[in-house]
Number of protein chains: 2
Amino acid sequence: MKRILIVEDEPNLADGLEMNLTAEGYEVAVAENGNAALELIERMSFDLALVDVMMPGMDGFSLCKKIRKTSHLPIIFLTARSQDEDKIKGLALGGDDYLTKPFNLGELLQRITSIFRRMSWESASETGRKILTFADSELNLETLKATGPGGETFLSHREAMALKFLYERRGQSVSRDMLLDGVWGYRAYPSTRTVDNFILRLRKIFESDPANPTVIKSIRGVGYMLDA
Amino acid sequence: MKRILIVEDEPNLADGLEMNLTAEGYEVAVAENGNAALELIERMSFDLALVDVMMPGMDGFSLCKKIRKTSHLPIIFLTARSQDEDKIKGLALGGDDYLTKPFNLGELLQRITSIFRRMSWESASETGRKILTFADSELNLETLKATGPGGETFLSHREAMALKFLYERRGQSVSRDMLLDGVWGYRAYPSTRTVDNFILRLRKIFESDPANPTVIKSIRGVGYMLDA
DNA sequence: CTATTTTGCCACACTATTTTCACACACCGC
DNA sequence: GCGGTGTGTGAAAATAGTGTGGCAAAATAG
């Protein structure tokens with residue numbers, strides 16, 4: 001779940017934002033001034049900050065500069081309409097976006113999703129190796145093409161995740177519950193039979209004799225293990 | 001260390017840029033108008049120029065022409081609106097680039113590194129290929145004329161951008177969100193359905209059997225991929 | 001050896017994603 | 001304003017992926 005920090009001194013606006021963002025499924029924290037915000041940022045990590053430009057004490061821009069010294073936390077500035085827009089535009093470069101009050105909720109939500117969208121693939125591109133190799137098999141994580149004794153196929157997204165999960169722990173036994181958490185997510189409740197099923201399908205591709213698995217081994221009472 | 005020249009008359013924007021680029025490890029100089037820029041260029045060498053199109057006195061385009069007389073310094077144009085887009089498109093083909101304000105820092109940095117990368121690895125030969133060739137198809141980026149199994153047509157600007165985006169990543173899967181960010185821009189909020197639509201149209205031209213795509217492949221749950 | 005638990009495997013229902021279509025709408029040059 | 005083009009949307013149809021239940025087979029415990 002994404003965490004958003006609201007830095008806003010006007011309680012009604014802060015409350016409204018908090019309510020609405022929470023309703024959208026974000027985890028929200030509120031700081032009513034710059035110092036409180038910095039403290040919160042030190043204590044926990046956020047994915048995005050909504051910062052009012054005009055605040056007593058430290059203004060939004062100063063806060064931005066301080067935040068930037070230690071992190072690249074994306075920032076959306078909130079600013080009253082009549083202020084010098086050029087200044088905002090210039091400084092907004094250090095952040096990621098800005099909105100002028102009064103803004104409507106839909107627009108804010110769109111900007112937020114847009115920023116998350118952007119972040120998600122900027123970080124995704126560096127995620128290391130794109131081809132897993134093991135036993136006589138390989139899996140291209142980019143195209144999801146799998147090659148093994150059982151031939152050549154394209155895995156589904158989830159099949160690939162499951163294999164990757166095992167691959168990252170090869171040589172260790174992995175319980176079905178671990179797979180469910182890691183691949184399906186902690187909020188999903190498929191049965192453990194489902195896991196067996198995915199293993200079954202993976203074996204058809206990666207085992208030369210799927211009935212006597214040597215690559216994706218069963219460990220009775222525990223789970224599965226990818227051979228090291 | 002790479003040296004970047006900022007040509008921007010609006011002090012706050014210039015400051016913001018300078019701050020951020022310096023923080024990214026570039027050496028930055030600022031000129032507040034075209035003449036100052038030319039003087040600076042004479043005195044020292046730069047690796048890249050960021051040029052505001054709209055400036056009092058000499059505008060960005062004129063400046064570009066003058067710079068071009070003596071060097072091949074890559075230029076990124078900063079432009080307020082998309083009205084100038086047609087004009088810019090012509091100039092941008094020389095390996096340069098442009099950004100429409102307001103843009104965010106991440107986007108700018110990405111363009112900068114991409115220009116440096118391009119320079120280092122193709123300095124001699126293919127500076128500015130204007131025709132993309134793949135499978136049995138081709139696309140002329142200047143005329144936007146596309147030729148493929150589906151016949152010959154002229155693509156719209158966005159269609160061409162989408163194809164180019166895929167082309168630059170052929171062999172890699174590209175998610176709809178990546179396309180939205182890369183082709184539509186971070187401030188655009190069309191749905192991912194829109195992406196599907198463009199793919200649909202592209203397939204009609206570049207696939208011999210659009211219903212069974214082999215060139216622009218779907219990767220279910222992930223996105224699309226142009227065959228390498 | 002038998003009872004019990006765990007795993008393998010299949011077929012099928014059900015979900016989710018993608019494709020495709022028809023249409024709305026904005027924008028541009030006339 | 002009036003078409004024409006280019007873009008974006010929503011909804012239905014097509015397709016691929018996922019989860020479930022059942023039962024058989026294998027492993028373990030007693």
Side-chain angles (χ1 to χ4, degrees), chain A residues 106 110 114 143-146 150 153-163 165-166 173-177 179-180 183-185 187-207 209-225, chain B residues 81-87 89 144-146 150 153-163 173-177 179-180 183-185 187-207 209-225:
Chain A
Q110 286 186 321
S114 156
T143 60
L144 303 189
K145 182 171 159 189
T153 345
F154 288 90
L155 298 190
S156 75
H157 193 42
R158 194 150 284 185
E159 285 165 345
M161 303 235 316
L163 183 65
F165 193 85
L166 289 169
S173 57
V174 175
S175 74
R176 284 165 236 279
D177 283 341
L179 277 161
L180 281 176
V183 176
W184 277 260
R187 195 105 225 170
Y189 297 107
S191 79
T192 57
R193 216 97 315 279
T194 300
V195 177
D196 297 345
N197 245 295
F198 276 81
I199 297 293
L200 174 65
R201 276 179 262 159
L202 291 177
R203 279 181 177 159
K204 283 193 177 149
I205 300 158
F206 298 116
E207 295 283 356
D209 177 11
N212 292 67
T214 60
V215 180
I216 305 176
K217 293 176 178 162
S218 295
I219 300 177
R220 193 185 176 77
V222 183
Y224 299 98
M225 186 181 97
Chain B
R81 283 252 150 265
S82 48
Q83 302 145 344
D84 309 316
E85 264 196 35
D86 289 333
K87 208 171 179 182
K89 261 187 273 166
L144 301 190
K145 181 171 159 190
T153 345
F154 289 89
L155 297 190
S156 74
H157 190 221
R158 221 181 269 279
E159 284 165 345
M161 302 245 306
L163 184 66
S173 57
V174 175
S175 74
R176 291 177 174 70
D177 281 344
L179 278 160
L180 279 176
V183 176
W184 277 259
R187 243 173 213 274
Y189 315 104
S191 75
T192 56
R193 226 73 354 272
T194 301
V195 177
D196 299 343
N197 246 289
F198 277 79
I199 297 292
L200 174 65
R201 278 179 259 158
L202 292 177
R203 293 223 255 237
K204 284 197 177 141
I205 300 159
F206 298 115
E207 295 282 356
D209 176 11
N212 292 65
T214 58
V215 180
I216 305 176
K217 291 177 180 162
S218 296
I219 301 178
R220 180 172 267 260
V222 182
Y224 298 99
M225 185 183 98

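- Atom CD1 of I205(B) is separated from atom P of dG6(D) by 11 Å (rounded to the nearest Å).
- At least one side-chain heavy atom of L166(A) sits less than 4.5 Å from a side-chain heavy atom of I199(A).
- Applying the side-chain contact (heavy atoms from CB on, under 4.5 Å) rule to T194(B) yields the partners W184(B), P190(B), S191(B), F198(B); only residues at least two apart in sequence or on another chain are considered.
- Contact record, I219(A) with M225(A): CD1-CB, 3.6 Å, taken as the closest heavy-atom pair.
- Regarding I199(A), its CD1 atom lies at a distance of 16 Å from the P atom of dT20(D), rounded to whole Å.
- Partners of D177(A) by salt bridge (Lys or Arg N to Asp or Glu O under 4.0 Å), not counting sequence neighbours: none found.
- Atom CG of L202(B) and atom C1' of dT7(D) are 13 Å apart (whole Å).
- Residues satisfying the side chain to side chain donor-acceptor pair (under 3.5 Å) test with T214(A), not counting sequence neighbours, are E207(A).
- Looking at heavy-atom distances under 4.0 Å, R176(A) makes contact with sugar-phosphate atoms alone, never a base.
- As a whole-Å value, the separation of N197(B) CG from dA12(D) C1' is 14 Å.
- Residues meeting the side-chain contact (heavy atoms from CB on, under 4.5 Å) test with N212(B), sequence neighbours left out: D209(B).
- The C1' atoms of five pairs define one axis at each end of the helix from dC1(C)-dG30(D) to dC30(C)-dG1(D), and these two axes lie 30° apart (to 10°).
- Here W184(A) reaches the OP1 or OP2 of dG19(D): one of its side-chain N or O atoms lies under 4.0 Å away.
- With sequence neighbours left out, K217(B) forms a side chain to side chain donor-acceptor pair (under 3.5 Å) with D227(B).
- Taking side-chain N and O atoms only, S156(B) has no distance below 4.0 Å to OP1 or OP2 of dT5(D).
- Regarding M161(A), its CE atom lies at a distance of 11 Å from the P atom of dG19(D), rounded to whole Å.
- Taking the side chain to side chain donor-acceptor pair (under 3.5 Å) definition, one finds that S218(A) meets it with R203(A), sequence neighbours left out.
- Per the geometry, CG belonging to D196(A) stands 12 Å off C1' belonging to dT20(D), to the nearest Å.
- In this structure, R220(B) has no side chain to side chain donor-acceptor pair (under 3.5 Å) partners at least two apart in sequence or on a different chain.
- If G223(B) and K204(B) are placed on DNA chain C by their nearest nucleotide, the residue sitting closer to the 5' end is G223(B).
- Closest-nucleotide positions on DNA chain D for T192(A) and L155(A) were compared, and the one nearer the 5' end corresponds to L155(A).
- No engagement by F154(B) is indicated, since no non-hydrogen atom pair under 4.0 Å with the nucleic acid exists.
- With sequence neighbours left out, the ring-ring contact (aromatic ring centres under 6.0 Å, His included) criterion links F206(B) to F134(B).
- With dG19(D), dT20(D), dG8(D) as the choices, the nucleotide that has an atom nearest any side-chain atom of F198(B) turns out to be dG8(D).
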Apply side chain to side chain contact (heavy atoms under 4.5 Å, CB included) to residues L155(A) and L202(A) and explain how you reach the verdict.
CA-CA 9 Å; L155(A) 298 190; L202(A) 291 177; 4.1 Å; yes
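- What separates CG of L200(A) from C1' of dG19(D) is a distance of 14 Å, to the nearest Å.
- Scored by the salt bridge (Lys or Arg N to Asp or Glu O under 4.0 Å) test, E159(A) finds R201(A) as partners (sequence neighbours excluded).
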Nucleic acid footprint by protein, nucleotides 22-30 of chain D - heavy-atom cut-off 4.0 Å, B for base, S for sugar-phosphate alone:
B---BBS--
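- Nucleic acid contact for I219(A): sugar-phosphate only, since backbone atoms but no base atoms lie under 4.0 Å from a heavy atom of the residue.
- Residue T194(A) places none of its side-chain N or O atoms closer than 4.0 Å to OP1 or OP2 of dT18(D).
- Mapping heavy-atom proximity under 4.0 Å, the span of DNA chain C touched by chain B runs 5' to 3' from dA16(C) to dC21(C).
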